[in-house]
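For reference, the structure is listed below as structure tokens.
To find a chain, count down the sequence lines: A is the first, B the second, and so on, and within it residues start at 1.
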Amino acid sequence: MSNIELSEQELIRRGSLQKLRDLGINPYPANEFKINTNAKEILTTFNPDIPNLQEVVFAGRLMSQRIMGKVSFGELQDETGRIQIYISRDEICPGEDKTLYNEVFKKLLDIGDIIGVMGYVFITQMGETTIHVREFVLLSKSIKPLPVVKEKDGRTFDAFTDPEQRYRQRYLDLIVNPHVKEVFLKRTKIINQMRELFNERGYIEVETPILQPIPGGASARPFMTHHNALNMPLYLRVANELYLKRLIVGGFEGVYEFSKDFRNEGMDRTHNPEFTVMEIYVAYKDYHWMMDFTEEMIERVAMALHGKTLIPVGDKQIDFKRPFKRITMFESIREHTGYDISGMDEDGLREVCQNIGVEYDKTMGKGKLIDEIFGEKCEGHYIQPTFITDYPVEMSPLCKKHRDNPDLTERFELMVNGKELCNAYSELNDPIDQLDRFQEQLRLSEKGDNEAMFIDLDFVRALEYGMPPTSGMGIGIDRLTMLMTNSASIQDVLLFPQMKPEKRAEEDPAEKYIELGIPYEWVEILMKMGYKRVSQLKEVKPAKLFNDICGYNKKNQLGLPNPAANDVSNWLN
RNA sequence: GACUCUGUAGCUCAGCUGGUAGAGCAAUUGACUCUUAAUCAAUGGGUCGAGGGUUCGAACCCCUCCGGGGUCACCA
């Protein structure tokens, strides 16, 4: 970056950087800085009666400075929080030379710098637990000004809120908005709780391919890529279900994976093109067992995070206490539409759609129509956790047929706050039925349903060798985190949500200017003046350009010798 | 993809019916030995997202484009 593009404040900080070097201070030292405490520990354990913490070594980012002459206060922020520091000139600089205080601390340090301090903890007259600094060192200089957020009595001033900047520059968001970090700490805690539960049960955490030759296990548009050495297309996985079930065939009796999945579809408050799903498969279980297990898992997560099961989500209170309500899909539809659709054919379903005002088109099969009715009329009603069970067979090509009704499958989804959170089956392990179902999907796809699944013949072959009866469950980690942290948008629970790339205005490279005979030192200046492309130069009169250049030089005190008027007109010819 | 709101100083925001841009914080200089949104005084800082148009004159009106938010559509 050229200096001319820097703001005044950035230039001043670069100046400070140089002055520090001139004073023999390395603004980016290499050596380890051994701390022996953190902000949280100091704030929670300091006892002035003992007193403890009399030899602390602490490091953090300088977030505010209050300079009061010969003595200063500031705040340092580390991973655990903020602590006040106190520095007095004559303690830092016992001799005649007061440079370290007057110059280095007061002038050359800025908000955002990372420093280390050695000293002892005490309580100020105002009652604030504070590190009395005996010595400090610069650990890293910040040359870009941080948004300054202030707070008093729980009220925040000048909060850094622009969503675009918060998501694009998450590091800034994390520095300046402490509550943001909380969300991500909770996200990790959720995952750790689940992992602990699975490990306690002896289930095995595995990794399966992200690059898949056939994007199976879910109906969704995949991202495509290409492998050069094999000269073949590959897809980023939309699910990992078929690989995990292969492992059950292979003799693992409980496997799970936290996996990033990728879907090339729209983005909104609840969808990001890459997202995290946990899938688990346990042999010799059915979907009833899995419902119990899912309840246990979610209740445990809620308790670990909140110490209770009743959690605020938006303007609602959601209670994750076991057991959750269970209702079949057909009962649910009957309850919310008054229609009993069991045993209905496609035409019957179309008529129901017509009567209750659900839109449909001719590519929709039975499964899709039922899905549409449920999605439109029922889904939104389930605020409290509710298992919807026994989905029609057309909607669930990987799920075992219901033990009592071959039109249905042994499937459940867990609905919370009107949205799907989990999806689980008694897994289909009949290889012949599986192949039939895949072929039915193919027919749907030919009929125009672009969400129908690809056929994975190797998966069918695996089933032919025999897969034990198994139940599997998948849960969206991002959505679970949204619920557990009361976040309205998926972007708030992803550290780096997908964004369109930042675009800069188009400009010609410096070489194009130099080709015209323009000296290098003027190129940046012309660009700063707004002539980002050489074609723009050609449109102005030489006399005007000459005038502007000299004016700019003078106004900004660049101190460059002005070009001759002749030179300028030569550039433009 | 549609509709709608939005883009002004490092940050949060004003800016009237169109008349050459303002505040607070941050920054700079100075004062100040227990402050905490420190305080007090002075100073500097902006191609008003980009390009085009209307106009004597555009941050403001019109068009196109580029970001972003929201709603809807799409989305096991």
Rounding to the closest angstrom, what is the interatomic distance between [N] and [M] at atom [atom1]?
N: B:C60; M: B:G53; atom1: C1'; answer: 15 Å
N: B:C61; M: B:C25; atom1: C1'; answer: 34 Å
N: B:A14; M: B:A23; atom1: P; answer: 16 Å
N: B:U8; M: B:G68; atom1: C1'; answer: 16 Å
N: B:C40; M: B:A50; atom1: P; answer: 36 Å
N: B:U6; M: B:C62; atom1: P; answer: 12 Å
N: B:A58; M: B:C48; atom1: C1'; answer: 11 Å
N: B:A37; M: B:G1; atom1: P; answer: 48 Å

Protein-nucleotide distance ([X], atom [atom1]; [N], atom [atom2]), rounded to Å:
X: A:Ile143; N: B:A26; atom1: CD1; atom2: P; value: 21 Å
X: A:Ile111; N: B:U36; atom1: CD1; atom2: P; value: 16 Å
X: A:Glu265; N: B:A73; atom1: CD; atom2: P; value: 16 Å
X: A:Leu11; N: B:A26; atom1: CG; atom2: P; value: 20 Å
X: A:Met267; N: B:G68; atom1: CE; atom2: P; value: 8 Å
X: A:Phe223; N: B:C75; atom1: CZ; atom2: C1'; value: 13 Å
X: A:Gln9; N: B:G45; atom1: CD; atom2: P; value: 13 Å
X: A:Glu151; N: B:U12; atom1: CD; atom2: P; value: 17 Å

Of all the choices, [options], which nucleotide is nearest to the side chain of [X] once you look at every atom?
X: A:Ser7; options: B:G10, B:C75, B:U33; value: B:G10
X: A:Arg168; options: B:G30, B:G68, B:A38; value: B:G68
X: A:Thr161; options: B:A26, B:G67, B:C13; value: B:C13
X: A:Asp90; options: B:U33, B:U36, B:G68; value: B:U33
X: A:Asp158; options: B:U36, B:C34, B:G24; value: B:G24
X: A:Val71; options: B:A27, B:U33, B:C25; value: B:U33
X: A:Lys107; options: B:G68, B:C74, B:U29; value: B:U29
X: A:Lys500; options: B:G10, B:A27, B:G67; value: B:G67

How do A:Pro145 and A:Gln84 order along RNA chain B: which one's closest nucleotide is nearer the 5' end?
-> A:Pro145
Residue mapping more 5' on RNA chain B - nearest nucleotide basis, A:His132 or A:Gln165 = A:Gln165
Considering every strand and a 4.0 Å limit on heavy-atom distances, what is the contact class for [X]: base, sugar-phosphate, or nothing?
X: A:Gln491; answer: sugar-phosphate
X: A:Ala159; answer: sugar-phosphate
X: A:Asp162; answer: sugar-phosphate
X: A:Glu75; answer: nothing
X: A:Glu413; answer: nothing
X: A:Leu146; answer: nothing
X: A:Tyr101; answer: nothing
X: A:Glu8; answer: base
X: A:Thr124; answer: base

Distance check: side-chain N/O of [X] vs OP1/OP2 of [N], anything under 4.0 Å?
X: A:Arg66; N: B:A38; result: yes
X: A:Lys150; N: B:A26; result: yes
X: A:Arg269; N: B:G70; result: no

Hey, does the side-chain of A:Asp268 have a donor or acceptor N/O within less than 3.5 Å of a partner on the base of B:C74?
-> yes
Less than 3.5 Å apart, any donor N or O on the side chain of [X] or [Y] sitting next to an acceptor on the other?
X: A:Arg269; Y: A:Ser489; value: no
X: A:Gln18; Y: A:Asp22; value: yes
X: A:Asn272; Y: A:Gln498; value: no

May I ask which nucleotide in the shown strands pairs with [N], Watson-Crick or G-U wobble, both distances under 3.5 Å?
N: B:G1; value: B:C72
N: B:G57; value: none
N: B:U64; value: B:A50
N: B:C32; value: none
N: B:C25; value: B:G10

Between A:His402 and A:Tyr391, does the ring centroid distance fall short of 6.0 Å?
-> no
May I ask you to check whether A:Phe136 and A:Phe105 place their ring centres under 6.0 Å from each other?
-> yes
Is [X] salt-bridged to [Y], cutoff N-O under 4.0 Å?
X: A:Lys260; Y: A:Glu274; answer: yes
X: A:Arg437; Y: A:Glu440; answer: no
X: A:Glu427; Y: A:Lys245; answer: yes
X: A:Lys98; Y: A:Asp90; answer: yes

